[in-house]
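Residue numbers run from 1 in the order of the sequence given. For the numbers below, each heavy atom of this structure counts, side chains included, while hydrogens, waters and symmetry mates do not.
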Amino acid sequence: MVPGAAGVSTLRPARRADLDALPAEVAPRLLGGVLETVIAGERVAVRLTEVEAYHGLGTGPIADPGSHARMGQTPRNATMWGEPGHLYVYLSHGIHSCVNVVCGPEGVAGGVLLRAGEIVEGADAATRRRLERRGVVRSPRELASGPGRLGDAVGLKHPIHDGIDAIVPSERAGAVASLSVREQPLATVVTGPRVGVAGIAGTEAFPWRFWIAGDPTVSAFRWGRGARDA
């Protein structure tokens with residue numbers, strides 16, 4: 001049982017069928033779920049409180065100009081085109097390893113960025129990893145608040161963990177990952193523009209950021225370049 005802003009729900013292991021839909025449909029269902037990793041014998045679990053959906057070229061009725069897969073398949077985004085339930089781990093600004101859950105049928109690109117969460121197990125390991133990468137952790141609620149912090153906390157790194165399977169857990173580069181979802185999805189979530197995404201893709205035209213209202217781990221919103229005036 002996992003406490004959340006909207007009460008308590010039983011968790012179960014995620015199935016590929018849970019993720020075999022458009023990312024914008026899957027994303028809110030992941031809120032309150034848990035991503036767990038085991039690396040070098042250290043278990044860290046994060047309850048997901050904020051996510052963002054991204055579609056690829058030809059995915060869904062609206063082209064997503066904010067997606068890594070907007071121009072088609074490349075070596076960088078190849079995981080997004082694969083089997084749902086694998087994790088697309090990419091490098092942001094050459095520093096931060098960010099974690100996405102691949103969604104949609106195989107061959108149709110899409111992913112849900114894990115933007116923020118609450119560390120519910122393994123806080124010591126998560127804190128140590130964050131200190132090694134950033135040098136400061138001001139409070140427990142900030143351990144996984146923001147996609148780079150979340151990636152650091154769970155210990156997944158680009159490129160060695162890109163493509164790791166979170167549905168049928170198997171070791172990749174010393175890590176095992178597993179995803180659990182709520183038996184009953186949250187009845188009410190908040191939605192709005194994605195954080196820091198440039199141009200029209202970062203406006204109300206793409207209200208594909210989903211979060212648990214009032215949760216203190218949710219990251220701060222900021223407009224992307226040109227999005228405020230788009």
[X] bridged to [Y] by N-O distance under 4.0 Å:
X      : Y      : value
Arg194 : Glu52  : no
Asp152 : Arg129 : no
Glu42  : Arg128 : yes

| side chain to side chain contact (heavy atoms under 4.5 Å, CB included), paired with Arg47, selected from Leu35, Asp215, Ile119 | Asp215

Let me confirm one number: the [atom1]-[atom2] distance from [X] to [Y], rounded to the nearest 0.5 Å.
X      : Y      : atom1 : atom2 : result
Leu143 : Arg130 : CG    : CZ    : 6.0 Å
Glu25  : Leu19  : CD    : CG    : 12.0 Å
Cys103 : Arg16  : SG    : CZ    : 12.0 Å
Leu91  : Ile95  : CG    : CD1   : 8.0 Å
Thr59  : Trp81  : OG1   : CH2   : 6.0 Å

Over all atoms of both residues, closest heavy-atom pair of [X] and [Y]:
X      : Y      : result
Ala173 : Ile160 : CB-O, 3.7 Å
Val218 : Arg209 : CG1-NH2, 3.6 Å
Glu83  : Glu106 : N-CG, 3.8 Å
Gly192 : Trp211 : N-CZ3, 3.5 Å
His158 : Val89  : ND1-O, 3.1 Å
Lys157 : Ser97  : CA-OG, 3.5 Å

| message | Check for me, please, whether Phe210 and Val102 land in the same ILVMFWY cluster - side-chain distances under 4.5 Å, paths through other members count. | response | no

| query | Between Asp162 and Leu87, is a side-chain contact (heavy atoms from CB on, under 4.5 Å) present by the stated rule, with each step listed? | reply | CA-CA 6 Å; Asp162 181 32; Leu87 302 182; over 6 Å; no

| field | Chi angles and distances behind the side-chain contact (heavy atoms from CB on, under 4.5 Å) call for Asp64, Trp208 | value | CA-CA 10 Å; Asp64 181 2; Trp208 290 354; 3.6 Å; yes

| Does some side-chain heavy atom of Arg15 sit less than 4.5 Å from a side-chain heavy atom of Asp18? | yes

| query | Within a strict 4.5 Å, meaning less than it, do heavy atoms of the Val181 and Arg12 side chains meet? | reply | yes

Residue list, side chain to side chain contact (heavy atoms under 4.5 Å, CB included) with [X], at least two apart or on another chain:
X      : value
Gln184 : Ser9
Arg225 : Ala198
Ala227 : Thr203, Trp223

| Polar side chain donor-acceptor pair, Thr74 to Asn77, under 3.5 angstrom | yes

| Does the side chain of Thr217 pick up a donor-acceptor pair with the side chain of Thr49 at under 3.5 Å? | yes

| query | Would one find more than 12 heavy atoms of other residues, nucleotides or ligands at under 6.0 Å from atom CZ of Arg228? | reply | no

| said: Can you confirm whether or not the ring centre of His68 sits under 6.0 Å from the ring centre of Tyr54? | reply: no

| request: Quick one: do Leu114 and Glu50 satisfy side-chain contact (heavy atoms from CB on, under 4.5 Å)? Show the steps, please. | output: CA-CA 7 Å; Leu114 307 183; Glu50 180 188 8; over 6 Å; no

| message | Under the criterion side-chain contact (heavy atoms from CB on, under 4.5 Å), I'd like the reasoning laid out for Val46 against Val34: C-alpha separation, chi angles, the key distance, then a yes or no. | response | CA-CA 5 Å; Val46 57; Val34 171; 5.9 Å; no

